[in-house]
Number of protein chains: 2
Amino acid sequence: MSTHQQPVRTPRTPRAAQIAAAARGLLEERGRDELTMRALAERLGIRAPSLYKHFRNKEAVEAALVEDALAEMGAALHAALGEVPAAGRVPALLAAYRRHALAHPGLYRLATTGPLPRAALPGGLEEWAGSPFFLATDEPHLAQALWSYAHGMVLLELDHRYPDGSDLDLTWQAGARAFTASGGRSAPDVP
Amino acid sequence: MSTHQQPVRTPRTPRAAQIAAAARGLLEERGRDELTMRALAERLGIRAPSLYKHFRNKEAVEAALVEDALAEMGAALHAALGEVPAAGRVPALLAAYRRHALAHPGLYRLATTGPLPRAALPGGLEEWAGSPFFLATDEPHLAQALWSYAHGMVLLELDHRYPDGSDLDLTWQAGARAFTASGGRSAPDVP
DNA sequence: TTGCGCAGCTAACAGCGTTAGCCTTACGCT
DNA sequence: AGCGTAAGGCTAACGCTGTTAGCTGCGCAA
């Protein structure tokens with residue numbers, strides 16, 4: 001229907017999949033800079049150099065996680081849009097974005113900050129993961145602005161940049177209101 | 001008047017100021033992960049361990065740069081608001097934010113991503129640097145949303161996350177329109 | 001003149017990603 | 001049955017990182 005098909009995923013040997021899973025666990029449990037090749041190997045019961053039999057280098061391990069992150073984020077956003085009438089798409093999209101990002105903070109950061117390893121990613125995955133913003137706004141520039149807003153909100157929330165005691169639910173609502181009131185060809189106001 | 005006084009700065013010995021200046025140059029010219037203690041020392045004609053006579057550790061050097069970054073960003077934003085009538089504050093603020101961040105990308109990233117070294121920062125500096133968003137919107141939650149939007153835009157632009165050929169001027173305009181049309185107690189629409 | 005402290009130095013350590021080279025195991029083919 | 005090969009582990013080591021300990025020389029103050 002309105003949600004295009006998810007792009008093909010990069011094939012992964014069974015052992016590579018195990019390593020990626022262990023890396024993901026390490027990333028979420030101990031944070032980005034404790035995801036080291038030696039710690040990853042230890043979690044798998046092997047030594048660090050053995051990892052290089054399965055991944056070219058650390059960046060390739062991270063690229064595998066980025067691929068997972070984009071695929072899962074894309075699936076969550078497309079699913080959120082599927083359940084909602086056109087008028088309520090922006091708030092639904094923002095809620096799903098926030099929920100998914102905060103549920104996987106390490107993965108979110110890895111996939112969305114710093115340079116994207118585009119060469120190691122399946123073609124079309126990035127666009128597919130971002131397309132819900134275009135589906136929710138019907139206008140490319142407003143879609144990019146909405147995406148930027150959601151990204152900024154999540155990062156500032158993860159980094160504890162908002163003043164203590166901020167009611168972020170209300171902040172997300174204020175942003176949702178701003179983006180539904182404006183520009184979108186099909187969205188009536190949601191006070 | 002409406003712009004409060006800038007908070008006091010942390011005192012810095014002459015040598016510490018030289019080191020911070022060299023660190024800033026290194027950060028902007030060669031990027032965040034080429035800002036190493038050895039490279040910094042070499043630029044100053046000394047050896048890395050000597051730096052520890054002036055800064056407790058690398059994090060303290062970075063904290064000095066974060067302080068500079070917040071003070072300068074705050075000054076730029078307050079200045080931008082001072083030149084503009086109430087109605088045009090949001091677009092003026094966003095334009096100044098973008099211009100300043102893109103002019104000092106390394107410093108911007110250092111100061112706004114990852115955990116803030118709040119303990120090493122002068123009290124009130126962070127709030128002062130962020131207060132222009134409150135002055136521009138007159139509503140705390142919309143202010144935080146606007147800030148998040150600007151932050152997300154800058155980061156995605158710096159990280160080249162937008163599709164090739166995106167006209168980001170138009171995206172910034174779309175966001176400015178969304179945030180001026182909505183909520184703000186004093187802002188009429190700016191088509 | 002004596003003493004002190006500032007600001008440099010070398011040597012070294014642990015941890016990082018990564019490479020080279022070795023060895024064992026398992027499997028397919030003749 | 002035996003051989004060849006490839007997969008997937010291993011150790012040792014390199015150059016890089018931040019950081020510490022301890023030494024040295026210079027300048028200033030009492």
Between the first and last five pairs of the helix from dT1(C)-dA30(D) to dT30(C)-dA1(D), the angle of the axes, rounded to 10 degrees: 10°

Phosphate contact (dC6(C) OP1 or OP2) by His54(B) side-chain N/O below 4.0 Å: no

Separation of atom NZ in Lys53(B) from atom P in dT24(D), rounded to whole Å: 14 Å

Earlier contact from the 5' end, DNA chain D, for Met37(B) and Pro49(A): Pro49(A)

Selection from dG8(C), dT19(D), dT18(C) that lies nearest to any side-chain heavy atom of Lys58(A): dT18(C)

Spacing between Leu51(B) atom CG and dT19(D) atom C1', to the nearest angstrom: 11 Å

Rounded distance in Å - CZ (Arg38(B)) to P (dG15(C)): 16 Å

Check: Leu77(A) and Phe133(A) side chains under 4.5 Å, non-hydrogen atoms: yes

Any donor-acceptor pair under 3.5 Å from Thr180(A) side chain to Ala176(A) backbone: yes

Nearest-Å distance for atom pair CG/C1', residues Asp33(B) and dC16(C): 13 Å

Touch class at under 4.0 angstrom, heavy-atom based, for Thr36(A) against every strand present: sugar-phosphate

Aromatic ring proximity Trp147(B)/Tyr97(B), centre distance under 6.0 Å: no

